[in-house]
Amino acid sequence: MQVSGGSQSFNAVTTLRLLGRWMRMVTIPNQSSVPKAFEEFDEAGRMKPGPLYDRVVDVMEELVKFTLLLRDRSDY
């Protein structure tokens with residue numbers, strides 16, 4: 001997961017995925033970025049409903065699936 005400033009954060013997400021694979025880390029095939037994230041949250045700090053929220057939920061669901069699939073796969 002990453003946070004970066006600006007409205008075009010997708011390149012940062014792509015670069016982090018590339019670095020993760022280079023370091024032999026598990027990377028899920030799904031990714032999302034929230035441009036201008038400061039506009040996507042309400043006063044209570046919750047993300048506003050909409051397509052960006054739905055995309056983040058999809059990514060988190062896939063992260064949970066991969067976590068369950070890879071659990072207990074290594075002695076380390």
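Positions are given from 1, in the same order as the sequence printed here. Computed over heavy atoms, backbone and side chain alike; hydrogens, waters and symmetry mates excluded.
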Could you tell me whether the side chain of V34 reaches within less than 4.5 Å of the side chain of R55, counting heavy atoms only? no

Look at atom CZ of F41 and say whether more than 12 heavy atoms of other residues, nucleotides or ligands are closer to it than 6.0 Å. yes

Roughly how far, to the nearest 0.5 Å, is OG1 of T27 from CG of L18? 9.5 Å

Between E40 and P35, what is the shortest heavy-atom contact and its length? CG-O, 4.4 Å

Is a donor on one side and an acceptor on the other found under 3.5 Å between the side chain of K48 and the backbone of E39? yes

Flag the pair K65 / I28 as yes when at least one side-chain heavy-atom distance between them is below 4.5 Å, and no otherwise. no

Within a strict 4.5 Å, meaning less than it, do heavy atoms of the N30 and E61 side chains meet? no

Which of V64, V57, D58, L63 passes side chain to side chain contact (heavy atoms under 4.5 Å, CB included) with M60? It is L63

With V56 as partner, the option from P51, S32, S33 fulfilling side chain to side chain contact (heavy atoms under 4.5 Å, CB included) is S32

Interatomic distance, NZ@K36 vs CG@L52, rounded to 0.5 Å, equals 12.0 Å

Is there a chain of hydrophobic side chains (I, L, V, M, F, W, Y, each step under 4.5 Å between heavy atoms) that links F66 to L68? no

Crowding at CE, M23 (>12 non-hydrogen neighbours, <6.0 Å): yes

